[in-house]
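Read the numbers this way: they start at 1 and go in the same order the structure lists the ligands and their atoms. Just so you know, residue 1 is the first one in the sequence shown, and it goes up from there. Both backbone and side-chain heavy atoms feed into the values below; hydrogens, waters and symmetry mates do not.
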Amino acid sequence: MSTSSNYGFTTTILHSDRQKEIEHGSPHKPIHTSVTYGYHNARELADVFQGKKPGFRYGRQGNPTVAALEEKISKMEDGVASLCFASGMAAIGAVFQGLLRQGDQIISSRFLFGNTNSVWQTCSEQGIQLALVDATNVAEVEAAITPQTRMVFAETIANPRTQVADLLRIGELCRARGILYVVDNTMTSPYLFRAKEVGAGLVINSLTKSIAGHGNVLGGAITDTGVFDWSAYPHIAANFRKLDRFQQGMAQLRAKALRDFGASLSPEAAHQIAVGAETLALRMERESANALALAQMLESDPRVAVVHYPGLHSHPQHELAKRLFRAFGALLSFELKPEIDCFDFLSHLQLAINATHLGDTRTLVIPVAHTIFFEMGPERRAEMGIVDSLIRVSVGIEDTEDLMADFGRALAQF
Ligand SMILES: *Cc1c(COP(=O)(O)O)cnc(C)c1O
């Protein structure tokens with residue numbers, strides 16, 4: 001297949017495997033289950049180990065099926081290289097394991113995925129300073145910078161209150177100060193947003209969510225956008241310093257995080273994620289359209305107190321979201337009027353499933369304060385703007401009328 005960078009998002013994803021050698025003409029990259037790889041002679045094997053020749057060594061640090069997915073993700077994010085992990089959390093853990101040391105400081109949005117919040121607590125227990133800021137306000141990020149600041153970490157749309165970080169201004173700040181900018185793009189996915197365009201050096205995606213999209217496989221990825229000059233990063237080990245300055249970060253992450261800690265993505269999972277990814281754009285369009293329709297319906301209902309969705313004019317960062325994202329995403333949250341119990345309301349939904357997870361084809365609902373954000377306690381929940389009655393909805397690809405009717409019927413009980 002001739003390679004053209006002019007193809008659209010879906011065309012590129014669908015045909016990316018065919019840009020390398022086509023094994024038996026297979027449109028899908030085959031699932032290679034082998035853990036080790038044999039060479040014609042020991043010299044060739046040694047060359048592969050020393051990086052003089054390309055090739056795979058051992059499944060923990062690389063696999064052809066996973067490598068094909070990594071290339072697909074790099075194309076999605078317009079990055080130079082990607083690294084896959086067994087889950088999104090393994091990818092976030094890798095940033096910690098591979099790039100941070102005692103005495104460093106990280107600045108992170110305080111509106112965070114719950115488990116990422118927990119990882120940052122672990123970091124601070126291990127001697128890494130943590131500054132949690134309101135990332136919708138770049139002045140708070142700037143005020144938190146110290147000489148020890150190693151990275152600024154932000155999510156695109158925060159879960160569950162949907163705050164939109166001031167992504168572009170934070171990017172400009174990081175570039176001016178030479179600080180690594182890490183963006184978790186899970187909530188928007190590379191179809192709705194390319195973090196490279198706001199200056200992110202590393203982009204994290206939980207592949208489990210929208211990219212795989214069907215709630216049947218776990219995975220995570222880090223993409224290097226090629227924006228960050230690693231020669232300025234203090235913790236690159238001597239053997240990676242020899243590489244091109246734009247490759248040093250990924251080489252260190254592959255060795256120090258993926259290889260040494262071993263949270264590798266299986267080739268079977270990589271295949272399943274690659275198949276799911278083919279329809280990412282179609283699903284995101286449909287989910288975003290469904291979410292907007294549902295958010296508008298809920299906002300106009302007298303039994304609903306407030307709806308949080310970046311697609312609504314009432315959302316504090318609506319204009320920003322419109323400029324940054326192709327659509328407003330699949331996630332919304334809302335509060336019912338105080339006299340309605342959120343558990344009672346949820347018990348009347350017939351289609352939407354009471355479940356955690358997001359970015360699935362099926363609509364999922366959850367009372368967040370009592371479940372996924374329970375462990376962090378009332379104070380941290382208050383900081384994140386999470387009240388006890390908040391309901392999160394991950395909107396699926398169901399027919400719009402059916403979804404609206406399901407929520408309409410449940411509301412009509414009160
Ligand atoms: C789900 C999620 C993660 C973690 O991904 P897993 O694949 O579940 O480990 C990280 N960040 C965000 C924003 C998420 O929604």
**OP:** Using the side-chain contact (heavy atoms from CB on, under 4.5 Å) rule, pick out the option among Val119, Asn159, Ile372 that qualifies with Phe113.
**Re:** Asn159
Original post:
So with a 6.0 Å cut-off around CZ of Arg169, is the heavy-atom count from everything else above 12?
Top reply: no
Subject >> Asn185 and Thr188: CA distance, side-chain angles, deciding distance, side chain to side chain donor-acceptor pair (under 3.5 Å) verdict >> reply: CA-CA 6 Å; Asn185 198 21; Thr188 24; 2.5 Å; yes
**OP:** Mark yes when over 12 heavy atoms from residues, nucleotides or ligands other than Gln61 sit less than 6.0 Å from its CD; otherwise mark no.
**Re:** yes
List below, pair by pair, the N or O atoms of ligand 1 and of the protein that are less than 3.5 Å apart, including the distance to 0.1 Å; reply 'none' if no pair qualifies.
from	atom 1	to	atom 2	distance (Å)
ligand 1	5 (O)	Ser206	OG	3.0
ligand 1	7 (O)	Gly88	N	2.8
ligand 1	7 (O)	Ser206	OG	2.8
ligand 1	7 (O)	Thr208	OG1	2.6
ligand 1	9 (O)	Gly88	N	3.0
ligand 1	9 (O)	Met89	N	2.8
ligand 1	11 (N)	Asp184	OD2	2.7
ligand 1	15 (O)	Lys209	NZ	2.8

Original post:
Is the Tyr7 to His15 ring centre distance short of 6.0 Å?
Top reply: no
**OP:** Would you check if the distance from the ring center of His315 to the ring center of Phe328 is below 6.0 Å?
**Re:** no
